[in-house]
There are 2 protein chains.
Amino acid sequence: MSKATQRVEPDAPPGAREQLLATASAIMREGDIVDISLSELSLRSGLNSALVKYYFGNKAGLLRALLDRDMKGIVDSVDGLLAKDWDPETRLRHHIGKVVDTFYATPYLNRLLMRLVRESDDEEAQRIADSYLAPLHRAYDKLIRDGVKQGLFRDVDPQLFYFTLTGAADRFFSARLVLKHCFDTDTLTEELRDAYRAHCTDFIMAGILKSR
Amino acid sequence: MSKATQRVEPDAPPGAREQLLATASAIMREGDIVDISLSELSLRSGLNSALVKYYFGNKAGLLRALLDRDMKGIVDSVDGLLAKDWDPETRLRHHIGKVVDTFYATPYLNRLLMRLVRESDDEEAQRIADSYLAPLHRAYDKLIRDGVKQGLFRDVDPQLFYFTLTGAADRFFSARLVLKHCFDTDTLTEELRDAYRAHCTDFIMAGILKSR
């Protein structure tokens, strides 16, 4: 378009960037999709869609920034957990609840990650892997191995455990569409989130703890 | 196009329909995608792409037929399992292995299901739910409740368990793209399948069995 639309929007309200990301997140969560229309984003946020160009370059840049926002939150939270002086069982139990809460808040996240890895060039895909997946890999290593060393956990492979836990937590909320048709249920309610959090925590702790 | 392209292909080789489905399945499995190009399908199967129109109407019809093929296989296999005179523990242990094998063979299946539920009209979405999801719902009810009644299993909600198990099994193979970038590993090897099957079976059985 004209050069003017690619320039700084001088009257961008404070927090406009964060508001665009929050609105994009809400649209994908509610619609159970991994895409957004810029016109809907503009309408719902009340912000000019030229701001997307200004802050993110284009829609792909916006999606990348959303992935960064969400994944950085997870990595920081896991780092914070590992820094705490908690025993391995308390730590893991707490973490499982957080994973369920994360997929409740951002049920699109795993699909967004897959989409961006697929659509990115090698360098960007590697950046995503190095920034988010490798740190989580290391965190799970510690999360599980500490418990194994102390004789609390069965000798479970930390990486396979990662898939078991995140797959179980993710599936519940990403199967929303099917549940709606099959059982006339919306999984994105706080009540079901709490029930699934309790189920996952009990189930997975029972799976990893040694019998006493 | 012309009427001729919509008519029966009189020299369709025997088994051409099944071969088209098998080739579409292989393309989606290898490419880690939930879509196919008709020209690639024709090239790889050695069959005229007019046969897609003849058997399935269009690409959407082909995808629907593939979902039917794969989901019917699962429902039949679960029905067969429930008909066996096995104790609940043996039955569930066997089933977990089968779920892992299913997602190894058809890693696109859950995403295909979600796509077709999303893109179908209400009637077709309801048909999918009634034909495949409701029977699995009933099967899980029996699979779990028999074990709970006999005092072998903890009192786990069968439907939440369904998400825990299928999510855990699915995630490993559908995260293939990320694993490739992050750890230079392809999850679609028989060796990793066997390792993940053993992990899932042990882990999930430990999660559900009462301590003895």
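What you see is a predicted model, and the numbers here were worked out from it, not measured in a lab. A, B, ... follow the sequence lines: proteins, then strands. Residue 1 opens every chain.
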Minimal non-hydrogen separation, A/V156 against B/H199, with atom names: CG1-CE1, 3.7 Å
Flag side-chain contact, heavy atom, 4.5 Å: A/F203 against B/I204: yes
Which of B/N110, B/L192, B/D170 touches chain A most, by non-hydrogen pairs under 4.5 Å: B/N110
Structural part of A/I208 lying under 4.5 Å from a heavy atom of chain B: both
Test item: B/R154 side-chain N/O and A/A206 main-chain N/O as donor-acceptor pair under 3.5 Å: no
From B/L165 atom CG to A/R171 atom CZ, the distance as rounded to the nearest 0.5 Å: 9.5 Å
Heavy-atom side-chain contact between A/R118 and B/D32 under 4.5 Å: yes
Min side-chain heavy-atom separation A/F172-B/T164 under 4.5 Å: no
